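Below is a structure I'd like to ask you about.
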There are 4 protein chains.
Amino acid sequence: MASYEERTGRTREAILAAAEAEFVANGLAGATMENIAKAAGVNKALVYRHFERKELLFRQVLVQAYRRLRNLEAEFRFPDDPVAALDEMCGFTLRYYLNNPDFLTLVGIENLHRGENLKAVSREELGVATLIEIVTNLLDRGVKAGLFRAGLDPVDVWHSLSSLCWFSVAGAYTVAITFGRDIHKPEEAEARLAVIRDVMRRYVMRADI
Amino acid sequence: MASYEERTGRTREAILAAAEAEFVANGLAGATMENIAKAAGVNKALVYRHFERKELLFRQVLVQAYRRLRNLEAEFRFPDDPVAALDEMCGFTLRYYLNNPDFLTLVGIENLHRGENLKAVSREELGVATLIEIVTNLLDRGVKAGLFRAGLDPVDVWHSLSSLCWFSVAGAYTVAITFGRDIHKPEEAEARLAVIRDVMRRYVMRADI
Amino acid sequence: MASYEERTGRTREAILAAAEAEFVANGLAGATMENIAKAAGVNKALVYRHFERKELLFRQVLVQAYRRLRNLEAEFRFPDDPVAALDEMCGFTLRYYLNNPDFLTLVGIENLHRGENLKAVSREELGVATLIEIVTNLLDRGVKAGLFRAGLDPVDVWHSLSSLCWFSVAGAYTVAITFGRDIHKPEEAEARLAVIRDVMRRYVMRADI
Amino acid sequence: MASYEERTGRTREAILAAAEAEFVANGLAGATMENIAKAAGVNKALVYRHFERKELLFRQVLVQAYRRLRNLEAEFRFPDDPVAALDEMCGFTLRYYLNNPDFLTLVGIENLHRGENLKAVSREELGVATLIEIVTNLLDRGVKAGLFRAGLDPVDVWHSLSSLCWFSVAGAYTVAITFGRDIHKPEEAEARLAVIRDVMRRYVMRADI
DNA sequence: GATGAATGAGGATTCATTCAT
DNA sequence: AATGAATGAATCCTCATTCAT
């Protein structure tokens, strides 16, 4: 039996999970190693043995969060109709953000820290290439079907779509307070999704048909 | 002489300014009252005398930041042409975010904290009404001129525009790392603004003209 | 009343005294700030407020210890007879070391640390000049009286005298174990002093008289 | 094959060597088992298997250091001329201390700890008898040759000689700072040795010749 | 209003030591 | 003999907050 490795692996996972929850709840500075260790059911010193420093632990949590999303994206199957596929992409993204606010929070924290932790991670580890490929394919298919405008940049498209979904969720609290729209209510989520789809369709589709 | 009040006022301002810088640089948990006091050139105890608690100090900083933006928006004069006005609105917003990253950071922090501080502030203090009024007027003028679609919701429009600008700046660091687009470079800022204007025009304008 | 300064001064003294005892008992690494604070009857954080770091606290303790000895040396009055004065100097030094083992211990610790702390202290603060002056005077008087050899270097003389006394006390524990001579017994202290005086006399005095 | 024992023996040596360096560099409290294990290229737990506790490891390091010196002393061959032999003894001792500061440091540490570790070691293990014998022989030969005073106590002589050499090296750092004499410079080492020889000759030799 | 002194609680990190394999 | 995993207790240092002047 590879029992050393098994034990280590399980411990690592437990710590990572506990750390993610703690970082999301309290931010990087606000999170304490004590809480993380307690939640993971292990000794504080063991957390250090596995991750060396709080900062490096956060980095691993962040990488894991990115990887989870990218894995899901890679598995995702789009409908044949390019417009339906675009709609699905909007729905998938908004729903993922809504159901995984942890991801947004972690990335939000990381942006507050100017990306210092992510910088230390290789782009391969983040699996970005796959995503761009997916959007490129979608646009190509739409253009070939005579439905989408030609010449659109896939990163621009993804950036816009992501922006619309992102702020809807990540800015939810302040928006709810200032503008009275609370996306955490299901009906408002639907309404917002409809708007996002509308915006994206009009941006991507040919206006002359 | 209003010298007491003047001095007090100046001290208050100094503390608020120092606090904003500190909160932006280190987050809510990471900021220290010691640093704030030192940067403001006053005694730590005096900070407490003026703002009672760290949390309340953050709240005031946040309110001030919102007020600054809303004041600027209220003063803003749009061109007569509705399309030009929409373009200007996109430009104004993106530029404001780019030039005042503190605002984004503060609101980002507040969202990480689920809006708990902002909740305690009255909507009047935040000056939201004015903004909605501005967007409503813009849409009305566009519709009357036969350029914009009828029936658009001003909050939806503002929300979309704000999303596009927001994420472009607030997510800049992670986006730069993952997708290689760095909006802090002037030429990339211009390119992004062009995309945002394109998205917003196509969303708001009638497709049949 | 200069009550701020008075309070501060008293606190400082209490901490320094407690720190000296702790450093002597447990060494630099072995000493804990917790113990020092407790012994001084103050809060741990206050120790930091006054001395910033453990290392700097040790430095001050060391300076104080040197100063105490140098002050005593400066006050010391020697007999007129140069030989008696030399004897007295041996007695004074050995006795000081025996009665103030803390001084030896602190300097011993500092030597283990290669003098890193003392380096940061100015020579004036250490009051070295006075000591050399004293030895120079003693030698001069001896030479003039036709009792001492001419041309002796005062630093060499002090160095030798100090060595003989120093090792007798600082090496006492290992010497007691290995050679069975324990200077902490009064009669052995007397015997050792007699040897030291004999060594020093023969070194300093003219052999031809 | 004695391969087990050989391996064990080599591991033991490696640990002892690593431990000596670590204790000398950081003191008893400052040394860490982690560092020692790493430097020895073995596992921390193995260090415990071999030496049980940090304290016992230090004890063995100390014993080894004493043994090395005593072995060297036993092997040493003195010139026939008693005065030259005395000179040689001074030179040998000062040089040994200068070239093996580890020994001084270890004994210094041990004295700071009041000899608690050395007490647990038998005098035979320390090889003291040989040293006394050597000095006794030297004095006897000098007396027989009509050069040395009769009735000198060998322990007193060794104690004085050792003191002069010891403090010159063990107190080198603080002396360099306070009195500007740095024995780590070769020319100053020579000068100091000359003084020590002068002191010892005058102490031991008959004054009437 | 303004200051320097003082506190208590906590938080990151380390370390001697033990356990399981 | 040798290893990697795990622990509990410290330890240094920081910080929000209060007190006395």
Side-chain angles (χ1 to χ4, degrees), chain A residues 1-12 29-37 41-55 57, chain B residues 3-5 7-12 29-37 41-50 52-55 57, chain C residues 1-12 29-37 41-55 57, chain D residues 3-5 7-12 29-37 41-50 52-55 57:
Chain A
M1 276 185 288
S3 89
Y4 262 163
E5 284 147 40
E6 260 177 48
R7 242 168 82 201
T8 302
R10 248 177 293 138
T11 303
R12 240 189 97 90
T32 82
M33 296 301 261
E34 176 90 42
N35 284 348
I36 291 171
V42 300
N43 192 281
K44 226 188 324 181
L46 194 55
V47 179
Y48 279 91
R49 185 177 161 70
H50 279 283
F51 295 93
E52 210 164 345
R53 270 175 297 145
K54 193 178 165 181
E55 194 197 341
L57 176 52
Chain B
S3 95
Y4 263 147
E5 281 154 40
R7 240 170 67 201
T8 304
R10 248 178 291 137
T11 302
R12 233 190 103 90
T32 83
M33 297 298 263
E34 180 85 44
N35 284 351
I36 292 171
V42 300
N43 188 279
K44 226 188 331 181
L46 193 55
V47 179
Y48 278 90
R49 193 169 172 72
H50 276 284
E52 205 167 344
R53 267 177 298 142
K54 192 176 160 180
E55 197 197 338
L57 176 52
Chain C
M1 276 184 286
S3 90
Y4 264 161
E5 283 147 41
E6 258 176 49
R7 240 168 85 201
T8 302
R10 248 178 293 137
T11 303
R12 238 188 98 91
T32 83
M33 296 300 262
E34 177 89 44
N35 284 350
I36 292 170
V42 301
N43 190 280
K44 225 190 322 182
L46 193 56
V47 179
Y48 280 92
R49 185 177 163 70
H50 279 282
F51 295 94
E52 211 166 345
R53 269 176 296 145
K54 194 177 164 179
E55 194 197 341
L57 176 52
Chain D
S3 97
Y4 262 149
E5 282 155 39
R7 241 173 65 203
T8 304
R10 249 177 292 138
T11 302
R12 235 188 101 90
T32 82
M33 296 300 262
E34 180 84 44
N35 283 351
I36 292 170
V42 301
N43 189 279
K44 224 188 331 180
L46 193 56
V47 179
Y48 278 91
R49 192 168 171 72
H50 278 282
E52 206 169 346
R53 269 177 297 140
K54 191 176 161 180
E55 196 196 340
L57 176 52

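Only a predicted model underlies this, so the values are computations on that prediction, with no experimental measurement involved. Residue numbers begin at 1 in each chain, while the letters A, B, ... track the order of the sequences.
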Applying a 4.0 Å non-hydrogen cut-off, can you work out what A:K44 is touching in the nucleic acid: base, sugar-phosphate, or nothing? base
Dot-bracket encoding of pairs in DNA chain E, which uses [ ] for pseudoknotted crossings and | for another strand, Watson-Crick or G-U under 3.5 angstrom: .||||||||||||||||||||
Here the distance between atom P of F:dC13 and atom CG of C:L57, to the nearest Å, is 11 Å
Between A:T8 and C:Y48, who's closer to the 5' end of DNA chain F by nearest nucleotide? A:T8
Counting only side-chain N and O atoms of B:N43, is one of them less than 4.0 Å from OP1 or OP2 of E:dA2? no
Calculate the interatomic distance between C:K54 atom NZ and F:dA10 atom C1'; express it in whole Å. 11 Å
Using whole Å, report how far CZ of A:F51 lies from P of F:dA5. 12 Å
First locate atom OG1 of B:T32, then atom NZ of B:K54, and finally report the distance between them rounded to the nearest 0.5 Å. 7.5 Å
Would you name the heavy atoms of C:Y48 and C:M33 that are closest together and state the gap between them? OH-CG, 3.3 Å
In whole angstrom, what separates B:R49's CZ from F:dA20's P? 15 Å
Earlier contact from the 5' end, DNA chain E, for A:R53 and D:A29: A:R53
Can you work out whether C:N35 or D:G41 has the more 5'-proximal nearest nucleotide on DNA chain F? D:G41
Check this one for me: any side-chain N or O of A:T11 less than 4.0 Å away from OP1 or OP2 of F:dA6? yes
Taking for A:M33 and for D:T32 the nucleotide of DNA chain E with the nearest heavy atom, the one nearer the 5' end belongs to A:M33
Tightest non-hydrogen contact, residues C:N43 and C:A37, listed as C-CB, 3.9 Å
What distance separates A:K44 NZ from A:L46 CG, expressed to the nearest 0.5 Å? 13.0 Å
So do the side chains of C:H50 and C:L57 get within less than 4.5 Å of each other, counting heavy atoms only? no
Testing the basics here: between A:A29 and B:A29, what is the closest heavy-atom pair and its distance to 0.1 Å? CB-CB, 3.9 Å
May I ask you to say what D:A31 touches in the nucleic acid, namely base, sugar-phosphate or nothing, with a heavy-atom cut-off under 4.0 Å? sugar-phosphate
Rounded to the Å, how far apart are C:L46 CG and E:dG8 C1'? 13 Å
In this structure, how many angstroms lie between the C1' atom of F:dT18 and the CD atom of B:E34, rounded? 15 Å
Got a second to check how far B:T11's OG1 is from B:R49's CZ, nearest 0.5 Å? 11.5 Å
Can you tell me the distance, in whole Å, between the CD1 atom of A:I36 and the C1' atom of E:dG11? 12 Å
